[in-house]
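Encoded as structure tokens, the structure appears first; notes follow it.
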Amino acid sequence: MSKLVLLVQPSAQQALLWQAALGSQGYTATMVTVDSDVVKTLESLQQQGQALPDAMLIESSLTDARTNSLVAGVVCRWCRTHSPDTKVFLTNTERDTIRTLETRWAERQGAAGLFPNLTASNANELLQNLTDQLGSPLATEALTRKMEAAIADLVEEGATTDRGRREERTSELVRKMAMIPTLVQMEDPKEALRQSGQYNTLGNLSIDSTLKDLELFDCQMDVETPGKAALQAFEEDPTLPGIVLMENGQYVTLLSRRRFSEHMNRRYALDLFSRRPVRVFFEYVGSEALCLYADVPIVDASQLCLKRSMEYMYDPVVVQLPDAGQYRVLDVQHLFYAQSEIHKLTTAVLKEQTQAHMIQTEKMASLGQMVTEIAHDIKNPVNFIHGNLDYLGDYTNTLMRLLKVYENRLNLADGEFVRAARQEADVDFVMQDLNKVIGSIGIGAEQLRKIVSGLQTFAYRDSEKPVPVNLRECLENSLTILNNRLLAAKIDVTLRLRELPAIEGYTGQVVQVFTNLISNAIDALAGIGVEDSQGDRLKLWQPKLEIFAEPKREKRLDSLEEWVEVRIADNGPGIPPELQEKIFESFFTTKGVGKGTGLGLAICYQIMTQRHKGRLLVKSPRDGFTYYNGKSGGTELAIQFPLSFERGLKPMSPTGKDLKAVR
């Protein structure tokens, strides 16, 4: 059976050579285009029950010791986990000399080998290595014959080295951009815990479980019931921790098994209390029962139990159900056991969150490096275009003047011929429109420069020490990055920035905060379906995003707090009050599955409060604002930066009162 070799996004020249070389050995070579996701292709083959390739050749594009190939690393890791028999070979498209550092990088990824570009001179050596790995002999004569034919075809087609190199660089740029969705995806850690069973340690127990999720005993008795009835109830059910005593349908107290048994075992107690109502018993013994609502969290209930006096600490707990007059008994040992399970579960969640944060950090680092490379690759041709537009305009005007001189000269000799040619070429329109075309290209090139500059700022790798940060530039860069989304959602943006002092901080992290918060506002506004019967957005409501920034100061006791406040406000439906304290928690999200990880706002909050000693506050609804349906709405986020870390701001909860509504 022929062995299958997958060629992952090679250049046109290398694809032709490898197909010829592999075909000479009887292998089947299949191409994967630059538009394909390699991992998804492999997963699709696996799901369909088709055979995975015996080998893969991936162009790694290593340029120096600090760079790596995103596609190569992802595919190697996937094969290591899901298809260990698949041999992955990396090829270097940048140069034929492979250094030791690059070979070590390939080994760390789990690659079977690292090859230079395939040529006629090294074909025998490379194919010998590949066939040895796949366990088949090398057909030298067939290889030489096929390679000579392939090189002859390349010469005939006029494939030049410069053109091949441009294709390779373009393909690598497309590959990098195609990997962005893969990088920003991550699994929901809560879902991973549920699948592993850690969210079901004790039945349906979870971190947020309440008393109603525990085993409750249903035993209620009127206070006028004889004591022997209580004694009989305890004897019939040895696990019953206590009895709820009622009077005329109203809760009175709890009769604890421990205390009841302790006193009934005393001399004459049985004769004294068995024929009398249980009311007499608890009036004589006394009672300090703890009664809690069923929706009280288990953690809070455990703390309340431990705060009781030593005499009553291990007595059962009365649980009041939502139904009127319904009470249950909870064994305190079961409560403490549930608390210990929640402690274990919390530890597991914290560990999972830590790992998820590490994964997200690693992905953001890879994404930042990739965006930097993409921005750099785009910036060079954009600067080339932008820098030559002035010369193009000057040369065009010079040629127009020269054309005018020729026209005047020719009019004297052959005016009718010139007029006919002029009319056929529509010279008047061309001369008028040419300058407009050059101007439009200039505007587009300038916009591209702004986008590239914004991407470079977003992916800027901050130094260990804080630097002066220009908040105006950070905001403008964030809006440039998100410009297409703002236009697609038809959001009206208002930007009001006063003269802002520089703050002490980290530029890349500040841009990340602004980008995340504005992106969340876009998601909220774009998801609103305010349309009429024809599908057009109603004119009575226009999605708006307002950004304000101004320096502020406030005297607190003996100190003076100074900060720069940036407020990002939208006119959406707002955030419900019960969610406002949770929106900055890790993994909390109101978006659908696959649309949000619940880490964006949490990371912003961490950057602001821990890294910049500032505050991130939320206010919803906004004062004096009415949503399109007549209800109050709107959301405003206030990002408060201290001027320096030494003068950090006093910590506040996300719903701090310092946030003032936009007037």
Side-chain angles (χ1 to χ4, degrees), residues 2-36 38 41-42 53-63 69 71-72 75-76 79 86-99 102-103 105-106 109 111-176:
S2 175
K3 294 186 182 295
L4 175 62
V5 180
L6 207 61
L7 299 177
V8 180
Q9 304 166 340
S11 64
Q13 182 178 359
Q14 284 292 295
L16 181 61
L17 293 176
W18 275 110
Q19 283 178 328
L22 294 170
S24 70
Q25 306 304 307
Y27 297 163
T28 302
T30 303
M31 295 276 291
V32 177
T33 63
V34 295
D35 297 325
S36 301
V38 187
T41 301
L42 295 172
D54 297 280
M56 299 176 66
L57 286 166
I58 306 175
E59 291 192 353
S60 60
S61 298
L62 298 173
T63 56
S69 169
V71 176
V75 174
C76 284
C79 289
T86 299
K87 306 292 184 182
V88 180
F89 298 90
L90 307 183
T91 62
N92 190 326
T93 63
E94 293 296 328
R95 58 175 176 272
D96 295 336
T97 303
I98 299 176
R99 299 186 302 183
E102 295 164 345
T103 304
W105 179 87
Q109 300 302 313
L114 178 59
F115 295 157
N117 278 339
L118 179 64
T119 61
S121 59
N122 65 9
N124 282 334
E125 179 185 354
L126 299 188
L127 266 294
Q128 182 69 62
N129 190 338
L130 190 144
T131 53
D132 287 345
Q133 295 270 8
L134 297 181
S136 59
L138 176 64
T140 307
E141 294 183 3
L143 174 62
T144 304
R145 189 167 56 253
K146 287 282 189 180
M147 288 295 294
E148 290 175 353
I151 292 174
D153 291 341
L154 286 176
V155 173
E156 291 177 3
E157 292 176 5
T160 63
T161 305
D162 291 340
R163 181 179 177 183
R165 190 171 295 278
R166 284 198 301 271
E167 290 177 354
E168 291 164 8
R169 289 177 177 173
T170 302
S171 299
E172 177 63 17
L173 178 60
V174 173
R175 285 201 296 272
K176 290 175 182 177

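Just so you know, these numbers come straight off a predicted model, no measurement behind them.
Inter-residue side-chain proximity for Leu7 and Leu22 is flagged as met; some heavy-atom pair is nearer than 4.5 Å. Looking at heavy atoms from C-beta onward, Asn122 lies in side-chain contact with Pro116 at the 4.5 angstrom threshold. Here the side chains of Leu17 and Ile151 are in contact, with some heavy-atom distance below 4.5 Å.
Between Lys3 and Asp54 the shortest heavy-atom distance is CA-OD2, 3.4 Å. Across Gln19 and Ala29, no two heavy atoms sit closer than the pair CG-CB, 4.2 Å. A pairwise comparison of heavy atoms in Cys76 and Val88 identifies SG-CG1, 3.7 Å as the closest pair. Residues Met147 and Ala21 come closest through the heavy atom pair SD-CB, 4.0 Å.
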**OP:** Please step through side chain to side chain contact (heavy atoms under 4.5 Å, CB included) for the pair Asn117 and Gln13, ending with a clear verdict.
**Re:** CA-CA 10 Å; Asn117 278 339; Gln13 182 178 359; over 6 Å; no
Subject >> Intermediate values then yes/no, side chain to side chain contact (heavy atoms under 4.5 Å, CB included), Leu42 and Met56 >> reply: CA-CA 11 Å; Leu42 295 172; Met56 299 176 66; 4.1 Å; yes
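How far OG1 of Thr30 is from CG of Leu4: 4.5 Å, rounded to the nearest 0.5 Å. Atom OG of Ser24 is separated from atom CG of Leu127 by 5.5 Å, given to the nearest 0.5 angstrom. Atom OG1 of Thr91 and atom CG of Leu126 lie 10.0 Å apart (nearest 0.5 Å).
A search for side chain to side chain donor-acceptor pair (under 3.5 Å) contacts involving Thr86 returns Ser83, not counting sequence neighbours. With sequence neighbours left out, the side-chain contact (heavy atoms from CB on, under 4.5 Å) criterion links Ala55 to Val5, Lys87, Phe89, Leu134.
Within the structure, the side chain to side chain donor-acceptor pair (under 3.5 Å) test picks out the following pairs touching residues 130-145 (sequence neighbours left out): Tyr27-Ser136, Gln128-Asp132.
Distance alone, capped at 3.5 Å, places no donor-acceptor pair between the Gln25 side chain and the Leu138 backbone.
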